Amino acid sequence: METKAEINQRIYVQTEDETAFVQSIMEHQDTLMSIAYSYLRNQQDALEAVQEMTCRAWVKRRTLNNEKAFKSWIIRILIYICIDEQRRRKRATPLAKEDIENSIPASWMISVDDNRIAMESLLQKVKPKYRHVLLLKYYNDMTLADIASILGKPEGTIKTWQHKGLQQLRKLMKNRRDWHDH
C-alpha cells in the first residue's frame with residue numbers, strides 16, 4: 001500500500017509541472033544540502049550543486065523508471081555533480097602557500113579545529129569509491145542499504161568498501177606522527 005507521500009512523489013515525477021517537480025525535490029532538501037556540503041565543504045558551492053542537480057533531474061526525469069527510487073536517483077545525480085566540481089577544483093591553479101596564509105585573518109587560524117582539517121585532508125587521500133561510502137555513512141548518517149541503493153551496488157560491496165576505506169584511513173592516521181599531539 002503506497003503512502004500519500006509516495007503517491008505524490010509519483011505524480012510529481014511524471015508531471016510536466018516544473019513547480020510540482022521542484023517541490024518533490026525540496027522534500028529532500030536537508031539531505032541533499034548535507035551530502036553536497038560533505039563533498040564540497042562550502043555552503044555556496046553546495047547550494048549551486050543542488051540547483052544543478054535539480055536542473056539535470058528535470059531534464060532527465062523521463063529516464064527514471066521506478067518512481068520509488070526517486071530519492072536515490074537525485075542523490076546519485078548530486079554526487080556526480082559534486083565529483084565533477086572536485087575535479088574542476090583540482091585543475092584550477094592553486095595559490096602559493098604564502099598567498100593563502102596572507103589572505104586568511106590570523107583570528108580565523110586560531111579558531112580552526114586542526115584535527116577536523118587533518119581528517120578532511122586525510123579523507124581526500126582515500127580511494128574515491130571508498131571515500132564516497134565514508135562520506136555518506138559518517139558525515140550524512142546514511143545506512144549501508146541506502147548507500148547501496150544510491151550507488152547502485154550490492155550492500156555487500158558497500159560493506160567491503162566501507163571496511164577498506166576505514167583501513168586506508170587508519171593507515172594514513174598511523175603515518176601522521178602529530179595526530180595525537182593536538
Side-chain angles (χ1 to χ4, degrees), residues 28-53 56 69 71-182:
H28 307 292
Q29 179 180 9
D30 292 340
T31 303
L32 296 169
M33 283 298 293
S34 174
I35 290 169
Y37 187 81
S38 70
Y39 276 87
L40 302 174
R41 294 278 160 222
N42 179 301
Q43 192 72 27
Q44 273 67 36
D45 289 345
L47 182 59
E48 192 172 310
V50 171
Q51 289 172 338
E52 176 67 19
M53 177 277 308
R56 286 188 192 178
K71 183 178 178 183
S72 297
W73 181 68
I74 60 175
I75 290 173
R76 189 175 312 129
I77 293 170
L78 180 63
I79 290 171
Y80 290 140
I81 290 168
C82 292
I83 291 169
D84 288 346
E85 176 61 19
Q86 287 174 332
R87 284 187 193 131
R88 189 192 64 74
R89 285 180 182 177
K90 282 183 181 179
R91 286 193 306 262
T93 307
L95 292 172
K97 187 174 183 176
E98 307 84 49
D99 293 343
I100 293 173
E101 290 172 357
N102 293 336
S103 68
I104 299 174
S107 61
W108 288 10
M109 297 303 287
I110 295 167
S111 67
V112 174
D113 180 6
D114 290 338
N115 282 336
R116 183 174 175 92
I117 291 171
M119 180 59 75
E120 290 172 6
S121 169
L122 290 175
L123 265 174
Q124 293 306 312
K125 296 177 182 177
V126 173
K127 195 170 182 179
K129 65 182 178 182
Y130 305 153
R131 183 174 60 241
H132 300 317
V133 173
L134 296 177
L135 283 171
L136 293 172
K137 173 76 174 153
Y138 298 107
Y139 279 70
N140 296 293
D141 297 324
M142 297 181 91
T143 65
L144 294 175
D146 289 342
I147 296 168
S149 173
I150 289 166
L151 298 179
K153 302 287 182 190
E155 193 170 342
T157 300
I158 298 303
K159 287 179 185 178
T160 300
W161 289 0
Q162 176 191 16
H163 177 71
K164 288 184 177 183
L166 289 172
Q167 273 183 326
Q168 280 187 7
L169 201 53
R170 281 187 201 104
K171 184 177 178 183
L172 291 166
M173 289 170 69
K174 192 174 186 179
N175 292 341
R176 186 178 152 82
R177 290 186 189 126
D178 62 339
W179 185 259
H180 295 288
D181 294 345
H182 296 288

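Keep in mind that what you see is a predicted model, and the values were worked out from it rather than measured.
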Quick one: pull up [atom1] in [X] and [atom2] in [Y] and give me the separation to the nearest 0.5 Å.
X: L166; Y: K137; atom1: CG; atom2: NZ; result: 10.0 Å
X: L169; Y: L134; atom1: CG; atom2: CG; result: 6.5 Å
X: M53; Y: R56; atom1: CE; atom2: CZ; result: 10.5 Å
X: M142; Y: L135; atom1: CE; atom2: CG; result: 11.5 Å
X: L32; Y: Q51; atom1: CG; atom2: CD; result: 12.0 Å
X: I35; Y: D30; atom1: CD1; atom2: CG; result: 11.0 Å

Evaluate the side-chain contact (heavy atoms from CB on, under 4.5 Å) criterion for residues D146 and I75: first the C-alpha distance (whole Å), next the side-chain angles of each, then the deciding distance (0.1 Å), finally the verdict.
CA-CA 10 Å; D146 289 342; I75 290 173; over 6 Å; no
Tell me which pairs pass side-chain hydrogen bond (donor to acceptor under 3.5 Å, both in side chains) where either residue lies in residues 124-136, with sequence neighbours left out.
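Those involving residues 124-136 are Y39-H132.
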Once side-chain contact (heavy atoms from CB on, under 4.5 Å) is applied, do any residues pair with Q29, and if so which ones, sequence neighbours excluded?
M26, M33
Looking at residues at least two apart in the chain, or sitting in another chain, which of them share a salt bridge (charged side-chain N to carboxylate O under 4.0 Å, His left out) with E85?
R88, R89
What residues form a side-chain hydrogen bond (donor to acceptor under 3.5 Å, both in side chains) with S38, not counting sequence neighbours?
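Result, side-chain hydrogen bond (donor to acceptor under 3.5 Å, both in side chains) vs S38: N140.
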Report the residues that fulfil side-chain hydrogen bond (donor to acceptor under 3.5 Å, both in side chains) with R76, sequence neighbours left out, ordered by chain and then residue number.
none
Are any of the side-chain heavy atoms of E48 and L40 separated by less than 4.5 Å?
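Of all side-chain heavy-atom pairs linking L40 with E48, none is under 4.5 Å.
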Taking distance alone, no hydrogens or angles, what donor-acceptor pairs closer than 3.5 Å link side-chain atoms of residues 149-164 to residues at least two apart or in another chain?
residue, atom, partner, partner atom, Å
S149, OG, S72, OG, 2.7
T160, OG1, G156, O, 3.0
Q162, NE2, Y138, OH, 2.5

